[in-house]
Engineer: 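Sharing a structure with you now.
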Amino acid sequence: MSAHSQVADTEPVHWLRRLWESGPYGWNQALTKPQVLIPLLIVATAVPLLLQYVEDNSAWTGAEFWIRILTTCAMYACLAVSLNLVVGYAGLLNLGFIAFFAIGSYAYALVASDQLHHHLPLWSALGTVIAVTLAFAFLVGIPSLRLRGDYLAIVTLAFGLIMREITIDLDRPPVLAGHQFGSNDFNLTGGTAGIHAVDPLQLPSWVPLIHGAALQSRTYYWIFLGFLALSVFCLLRWRGSRSGRAWVAIREDELAARAMGVNTFKYRLLAFCTSAVMAGIVGMIDAAYTHNTFPDNFNVQETVLVFIMVVLGGLGSIPGAIVGATVVTILPFALQQLVLYKYVVFSIVLIVLMIFRPQGLLGIVSIRPRAAMGGTVELLSTESAIEASELPAVTDRDAADLESASGAIVAPEPKP
Amino acid sequence: MAQPKILVLVALASVGLAACGGSSTSGTANAPTKVQIAAEGPFTGDEASIGAGALRGIQLAVDDFNKAGGVHGTKVELVTYDDAHKAQTATTLQAQGISDPTVLGIVGPMNSSVVLASEPGLQSANPPLPFVTESASAIKVTEGGYTVAHRVNARDDKQAALDGQFMIDKGAKKVEILDSGTDYSRPLADAVEAYLKAHASTIQTKRDVATNGQTNFTTVVTNMKAFNADWVFFADEGTETAPLVQQMKGANLKIGQNIDFLGTDGEDDPSIVTGSQGAYLGAYASNVTADPQSVSTAASFVAGYKAKYGATSINDAGPFYGSAYTATQVLLQAIANSPVSNGKISRKDVISHLASDTFNTILGPIKYDSKGDVTNVTIGIFQAQGTIAAPVMAAVKSLTG
Amino acid sequence: MDYFLQNFPQQLVNGLEAGSLYALIALGYTLVYGILEMLNFAHGDVFMVGGFLAAGVAGLFVTTGVAAIPAVLVVTMMVAAAMGGSGLLGVGIERIAYRPLRNANRLAPLITAIGVSLLLESVVQVQISPAPVLVPSNALVPQIKFQFGNVSTPFVDATLLVAAVLLMVGLDLFVFRTRFGSAMRATAQDREAATFMGIDVDRVIVATFLIGSALAGIGGVLYGLQFARVDFFMGYLLGIKAFTAAVIGGIGNLRGAMVGGLLLGVLESMGGGFISSQYQNTFAFLALILVLLLRPQGLFGQPLTDRA
């Protein structure tokens with residue numbers, strides 16, 4: 001999954017060297033060009049077919065296993081990209097991120113299984129999932145996005161924990177202070193066992209991927225991949241739009257942005273809700289893929305995992321999020337031989353990487369901790385940014401963003 | 001219940017001989033080229049305390065089986081699937097086993113929710129991949145018509161019926177029913193509550209939760225005292241029991257003196273006596289079989305476990321190390337009984353042998369009914385007796401059903 | 001209502017005692033946050049390691065429920081081991097994992113903290129034990145219960161409450177009445193200005209971690225003696241609750257951490273005891289959200305200078 005070798009195979013060496021020296025900003029620019037993304041997408045789409053071909057023509061039997069790993073990868077890539085939006089672009093510490101994934105998966109399970117005896121078709125189910133996730137995002141976001149980043153972290157963390165508890169307990173009517181609220185056959189969430197026998201996605205018949213009534217793993221791989229491609233496409237376009245520039249401005253210097261009339265709350269809410277809805281949709285696809293949903297989907301460890309992916313790949317970088325997701329997902333499977341030691345190794349690798357390369361692999365954003373302010377941001381180095389602007393890859397609009405952004409830094413503080 | 005040790009040794013030896021005695025020659029022609037089984041469970045993560053001991057039990061079982069000759073001379077290889085109590089991880093790892101025809105069965109998964117999520121995939125595999133779980137007790141596991149499903153432990157409804165009846169017979173008047181909020185404990189507590197309501201409506205019950213992962217249960221204990229319970233039923237995997245009973249003692253609720261305690265198979269574990277510094281003495285626990293340290297046929301197993309993992313390893317082994325060993329024995333014997341053709345054993349044959357054979361295990365003979373539950377199940381009630389230094393779960397009552 | 005009145009005193013005591021543990025751990029969180037504005041996710045695990053060190057010491061001197069030397073000596077050694085071990089661990093973590101990242105990306109130390117937390121938990125789980133380890137408290141603490149009317153509480157629980165209060169008072173005195181304490185407060189207020197005033201900020205930070213972690217270590221000993229066991233996962237939920245308590249009280253504020261901890265404990269016992277035990281944690285976190293909605297700086301915090 002290395003775009004580098006992709007570029008090396010098709011371009012002369014000196015171009016590659018220039019690219020390497022342009023630093024993470026340049027890499028991101030290069031990796032998000034359509035000329036790079038589309039071939040990558042095609043290769044990624046073809047992988048299951050390739051694996052199937054190899055399995056059919058040799059003694060190897062690992063195709064299904066690897067397709068499932070890749071499906072999990074693709075799912076986490078979607079999650080990492082949406083967390084990157086809220087954390088990398090908007091700088092919001094959403095520690096309850098995975099709760100929205102779980103909410104989406106429960107919402108879908110409730111309308112597409114025997115739990116409530118609804119079996120909605122695809123678009124109604126999707127609409128329900130989006131509506132429910134959005135409602136919860138508003139519920140959590142509106143009160144907390146007015147506060148400092150760390151408070152949001154705790155509120156969202158608490159939210160995730162409460163949702164897990166509530167989900168476990170709502171397979172019976174709640175009994176508060178001795179009073180029962182609801183009839184005896186109230187069973188909303190299936191309790192500790194979760195909801196089983198969730199319908200697979202009822203894709204429309206013109207979609208060419210279905211083979212038979214049951215959807216195979218690779219179909220879901222393609223669905224996750226498709227959603228990933230759609231998200232990346234939308235986010236890249238959004239970056240260049242008004243909202244994107246507002247996010248950059250807020251990230252660079254919130255005080256200045258507010259002084260310039262940017263409604264920071266609105267844009268924060270926009271980022272927060274968008275990432276929540278994206279996570280919810282991923283949850284829906286996951287519930288359909290595994291035919292189940294569980295309270296364990298709310299576990300904080302999952303959010304931590306996605307955070308690690310985003311930070312490892314590099315904040316603010318979409319290709320970074322995808323790379324981070326791939327590495328973090330595949331590592332535990334590759335380390336399967338050291339079953340008991342895998343988290344030990346994993347955490348050491350993580351710490352070492354963070355100490356020696358805190359901006360992650362492809363990170364382009366560096367946020368400085370500040371005492372009283374909301375967060376002042378500067379790019380990794382303005383020199384590399386200017387250098388990068390000399391690359392043919394950077395559009396005028398991006399260069400203009402950079403200049404206006406650099407200019408907006410108010411009162412530079414002395415370095416401690 | 002207790003089998004003479006010699007009988008088990010003979011049984012094991014004869015299984016070994018039978019496995020090797022398929023043809024008159026020492027039979028490289030009849031030996032499979034490769035045999036693998038998988039151990040699956042939460043070996044890391046929040047349920048590692050029950051998974052780790054079970055994994056060791058499985059490893060020991062495979063080692064002992066290989067020492068006794070393996071499958072017609074071929075050693076069995078063990079692969080580990082650490083599902084960390086996550087369904088998606090479980091199904092992904094199982095895909096490895098499904099597509100590898102030399103993987104003939106899974107010991108595990110351990111958690112009911114993971115088993116329920118995995119069954120459709122394992123059944124619809126071609127050929128289906130059988131599993132023998134050592135701890136998943138949900139009723140649904142063997143009610144789905146899955147031929148791949150087998151377990152060696154008690155189902156919730158059977159265990160609940162036994163537990164409920166035991167308390168009724170002992171004259172319980174006010175039962176405090178606790179669970180720990182996990183997919184193991186809650187359905188079991190529900191089943192007991194339902195049983196009591198159906199069979200003894202004069203008994204007052206109160207439901208409460210001693211949440212998994214926490215240790216401070218003083219709030220629950222205060223309410224227990226205020227309720228004036230004479231019996232406490234606690235469905236738990238064993239991790240919350242020691243603190244709970246100590247806090248009960250701290251509130252002057254002494255087991256065996258002014259309150260009685262009944263736990264489930266997760267609590268049929270003498271190390272809880274040590275862990276609770278004696279507060280657990282006198283408590284009862286139900287289980288489909290006795291804890292290995294109390295069964296004479298399992299003595300060599302216990303000795304072997306200590307020899308391999310250390311003298312104190314038994315204390316960390318959790319409640320399922322014995323049943324994990326047993327489940328592995330069942331699976332391996334079924335594999336050994338299956339025919340070999342062209343150096344391969346078919347999973348379909350393993351499944352049919354699981355369904356029809358009787359297996360000799362350290363905890364007694366095992367034979368399955370059509371659903372995958374043990375037919376001649378003898379559920380027993382055991383009581384924590386002995387001393388803190390030498391605790392034992394002594395058999396008090398047993399029901400065959 | 002009768003039920004409530006009858007059981008209120010006991011549940012109140014239960015809550016205060018649970019809360020005192022939260023408070024002790026919260027002190028460490030709030031100290032570090034005040035100076036570095038960092039959520040030290042590994043703090044709960046430092047507490048856990050302290051508990052294991054104490055358990056180890058106890059195991060050396062207590063066999064089959066009998067202490068080889070006077071119990072007071074054993075407990076003193078346990079406290080010393082836990083305080084020293086946890087303190088050093090905290091300082092070590094700061095030096096190796098946080099200091100290099102002080103000027104980096106805000107999330108990097110957070111992720112590293114998570115990594116350290118995961119590392120500590122997995123190492124203990126794999127190398128020591130995945131199952132809880134016994135602390136022979138019956139041999140080490142007096143088995144007496146304090147009884148006031150129909151409220152009773154064991155010795156250790158009451159000790160924890162008293163210890164937490166004393167430690168907080170001591171810490172308060174240290175921070176507000178000593179020179180080094182002023183240095184700490186200055187660094188918390190404005191790190192750069194503090195360097196201009198000649199304060200060795202690095203030393204202050206090391207001391208902060210040392211003190212906070214040592215307090216967590218003491219908490220670990222008291223936890224071990226109270227519940228008679230330690231396990232690799234014990235720091236996780238307690239850490240989250242302690243942090244919640246610190247936020248409720250006003251993050252960065254010592255007295256806030258204390259009050260926040262006790263308050264959280266009481267809220268939990270009230271909610272769990274009288275409304276619903278199942279939703280006990282929900283009440284705790286609802287309290288958090290309410291506080292943040294109505295008074296985001298926490299009970300004792302300064303009004304925030306910046307809002308979104």
Side-chain angles (χ1 to χ4, degrees), chain B residues 42-53 55 178-179 181 186 206-223 225-227 238-240 242-244 246-247 249-252 269 271-272 274-279 312-313 315-319 387-390, chain C residues 3 6-7 9-11 13-15 17-18 21 63-65 121-122 125-126 128-139 143 145 147 150-157 223 226-234 236-238 241 265 268-274 276-281:
Chain B
F43 305 132
T44 56
D46 56 349
E47 296 251 332
S49 56
I50 60 164
L55 180 60
L178 298 173
D179 65 77
R186 188 153 291 187
K206 180 175 157 69
R207 274 305 283 273
D208 215 339
V209 180
T211 316
N212 183 30
Q214 294 184 181
T215 33
N216 190 331
F217 303 120
T218 47
T219 313
V220 172
V221 171
T222 303
N223 279 347
K225 206 169 170 183
F227 177 57
T239 38
E240 283 67 48
L244 178 68
Q246 283 190 94
Q247 284 159 42
K249 189 171 171 196
N252 251 330
D269 184 352
S271 70
I272 298 180
T274 323
S276 65
Q277 300 184 93
T312 54
S313 59
N315 301 330
D316 308 337
T387 60
I388 299 177
Chain C
Y3 183 82
Q6 196 169 21
N7 291 293
Q10 179 71 58
Q11 295 287 23
V13 170
N14 290 342
E17 286 167 353
L21 186 60
T63 39
T64 60
E121 283 168 15
S122 1
Q125 177 191 339
V126 171
I128 302 184
S129 171
V133 169
L134 176 72
V135 174
S137 64
N138 284 354
Q143 292 300 296
K145 294 197 243 292
Q147 191 101 22
N150 58 348
V151 175
S152 80
T153 178
F155 181 81
V156 183
D157 302 42
Y223 176 97
Q226 185 177 7
F227 298 110
R229 72 187 212 178
V230 289
D231 66 272
F232 76 95
F233 220 54
M234 70 198 230
Y236 174 67
L237 189 62
L238 273 168
K241 291 206 178 154
E268 278 187 349
S269 69
M270 290 296 129
F274 298 112
S276 166
S277 190
Q278 281 181 318
Y279 295 99
Q280 187 174 30
N281 289 336

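Lettering follows sequence order; numbering is per chain, from 1. These numbers were taken from a predicted model, which means no experiment stands behind them.
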Engineer: Using heavy-atom distances under 4.5 Å, tell me whether B:T387 contacts chain C through its side chain, its backbone, both, or neither.
Structural biologist: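 No part of it gets close to chain C.
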Engineer: Give the member of C:P154, C:P132, C:S129, C:S276 that has the highest number of heavy-atom pairs under 4.5 Å with chain B.
Structural biologist: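 Ranked by heavy-atom pairs under 4.5 Å with chain B, first place is C:S129.
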Engineer: To the nearest 0.5 Å, what is the distance between OH (C:Y223) and OG1 (B:T215)?
Structural biologist: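 Reported value, rounded in 0.5 Å steps: 2.5 Å.
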Engineer: Counting only non-hydrogen atoms closer than 4.5 Å, does C:V135 touch chain B with its backbone (N, CA, C, O), its side chain (CB onward), both, or neither?
Structural biologist: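 Backbone only.
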Engineer: How many angstroms lie between atom CD of B:Q214 and atom CZ of C:F227, to the nearest 0.5 angstrom?
Structural biologist: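 Here the rounded value is 9.5 Å.
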Engineer: Excluding sequence neighbours, so at least two apart, what forms side chain to side chain contact (heavy atoms under 4.5 Å, CB included) with B:A210?
Structural biologist: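 Scan of B:A210 (side chain to side chain contact (heavy atoms under 4.5 Å, CB included), adjacent residues dropped) gives B:F217, B:F234.
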Engineer: Hey, what do you get for CD (C:Q10) to CG (B:N223), rounding to the nearest 0.5 Å?
Structural biologist: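 Reported to 0.5 Å precision, the distance equals 10.5 Å.
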Engineer: Check the pair B:T222, C:N14 against side chain to side chain donor-acceptor pair (under 3.5 Å), reporting the backbone distance first and the verdict last.
Structural biologist: CA-CA 9 Å; B:T222 303; C:N14 290 342; 2.7 Å; yes
Engineer: CG/C:N138 to CD/B:Q246 distance, rounded to the nearest 0.5 angstrom?
Structural biologist: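 Taking CG in C:N138 and CD in B:Q246, the distance rounds to 6.5 Å.
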Engineer: Is there a donor-acceptor contact under 3.5 Å linking the side chains of B:N216 and C:Q226?
Structural biologist: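 No.
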Engineer: Do the non-hydrogen side-chain atoms of C:S277 and B:V220 ever get within less than 4.5 Å of each other?
Structural biologist: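 A side-chain contact exists here, since the closest heavy-atom pair is under 4.5 Å.
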Engineer: Can you say whether B:Q277 sits under 4.5 Å from chain C via the side chain, the backbone, both, or neither, judging by heavy atoms?
Structural biologist: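 Contact with chain C: backbone and side chain both.
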Engineer: Pick one of side chain, backbone, both or neither for C:N150, based on which atoms fall under 4.5 Å of a heavy atom in chain B.
Structural biologist: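 Neither part; nothing is under 4.5 Å.
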Engineer: Mind listing the closest non-hydrogen atom pair of C:R229 and B:T239 along with its distance?
Structural biologist: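 Looking at all heavy atoms of both residues, the closest pair is NH1-O, 2.5 Å.
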Engineer: Do you see a donor-acceptor pair shorter than 3.5 Å between the side chains of B:T211 and C:Q280?
Structural biologist: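 Their side chains do not contain a donor-acceptor pair, so the 3.5 Å distance test is not met.
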Engineer: Tell me, please, which residues at least two apart from B:A226 pass side chain to side chain contact (heavy atoms under 4.5 Å, CB included).
Structural biologist: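 With neighbours one apart ignored, the set is C:Y3, C:N7.
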Engineer: Determine the option with the most heavy-atom pairs under 4.5 angstrom with chain B, choosing from C:S152, C:A131, C:A139.
Structural biologist: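 Heavy-atom pair counts peak at C:A131.
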Engineer: To the nearest 0.5 Å, tell me how far C:L134 CG sits from B:I388 CD1.
Structural biologist: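 Here the rounded value is 9.0 Å.
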Engineer: Taking the side chain as everything from C-beta on, heavy atoms only, tell me whether C:E268 gets closer than 4.5 Å to B:T219.
Structural biologist: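 C:E268 does not reach B:T219 side chain to side chain.
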